[in-house]
Amino acid sequence: MQGYPFFAHAELAVENSDVHLTARLYEVSPEGCRLYVKNPPLVGTSVLVKIYAWPYFLQVQGKVCRSDPNFGVAVAFGQIESRYVPVLNACLLEAVQKQHNRTVD
């Protein structure tokens, strides 16, 4: 999953449990994201990812595809609700523009 640097507050809600983990998003792609999180859930865990990147809010179901106590987690997105597709696209556009500006400077 090749993503773009994008920093935002996030939360991981583990499905079928009361576990909610505070996280820090640091990379996003159309297929998923990477987050720093203490005590990351195991690979294969179904989660709801909530991303708070003012003025954007996005939530999407996903599955943990990489988990490492030093790295955090990589989450592969499942089906994205139609109302959140434009939000994800806006975040991706912002990330691409920032990356482009860094390489041009």
Side-chain angles (χ1 to χ4, degrees):
M1 171 175 33
Q2 176 61 37
Y4 301 96
F6 191 83
F7 301 96
H9 296 286
E11 179 183 323
L12 285 179
V14 176
E15 283 191 2
N16 302 317
S17 79
D18 293 330
V19 177
H20 294 267
L21 303 168
T22 300
R24 181 84 176 136
L25 178 77
Y26 69 91
E27 189 174 279
V28 68
S29 78
E31 298 84 30
C33 63
R34 295 178 192 253
L35 306 109
Y36 291 118
V37 60
K38 290 183 182 178
N39 304 315
L42 299 174
V43 170
T45 303
S46 293
V47 294
L48 177 65
V49 180
K50 296 179 181 182
I51 299 169
Y52 304 91
W54 191 90
Y56 310 116
F57 171 75
L58 164 69
Q59 69 178 25
V60 61
Q61 298 289 118
K63 218 174 247 306
V64 175
C65 56
R66 182 174 175 195
S67 179
D68 182 304
N70 299 316
F71 158 85
V73 295
V75 175
F77 293 154
Q79 184 67 33
I80 300 172
E81 289 182 44
S82 59
R83 64 183 166 153
Y84 293 122
V85 171
V87 178
L88 177 59
N89 289 337
C91 291
L92 289 166
L93 180 61
E94 183 178 316
V96 169
Q97 288 174 337
K98 283 182 179 177
Q99 186 175 33
H100 175 73
N101 290 344
R102 276 190 223 109
T103 58
V104 171
D105 290 342

Just checking N39: does its CG atom have more than 12 heavy atoms from other residues, nucleotides or ligands closer to it than 6.0 angstrom? no
Between F71 and R34, does the side-chain contact (heavy atoms from CB on, under 4.5 Å) criterion hold? Intermediate values first, please. CA-CA 9 Å; F71 158 85; R34 295 178 192 253; 3.4 Å; yes
If I take atom NZ from residue K98 and atom CG from residue L93, how far apart are they, to the nearest 0.5 angstrom? 11.0 Å
Straight-line distance of L35 CG to H9 NE2, nearest 0.5 Å: 12.5 Å
Tell me, do [X] and [Y] make a side-chain contact under 4.5 Å, heavy atoms counted?
X	Y	result
E11	Y52	yes
L92	V28	yes
I51	C91	no
L25	F6	yes

In V49, T45, L48, the residue satisfying side chain to side chain contact (heavy atoms under 4.5 Å, CB included) with V75 is V49
Cluster question for you: counting only ILVMFWY and a side-chain heavy-atom cut-off of under 4.5 Å, with indirect links fine, are L12 and F57 together? yes
Working for side-chain contact (heavy atoms from CB on, under 4.5 Å), residues T22 and V37: CA-CA 7 Å; T22 300; V37 60; over 6 Å; no
Please check if the side chain of S67 supplies one atom and the backbone of P41 the other of a donor-acceptor pair under 3.5 Å. yes
Below 30° counts as parallel, above 60° as perpendicular, anything between as tilted: where do the rings of Y26 and Y36 land? parallel
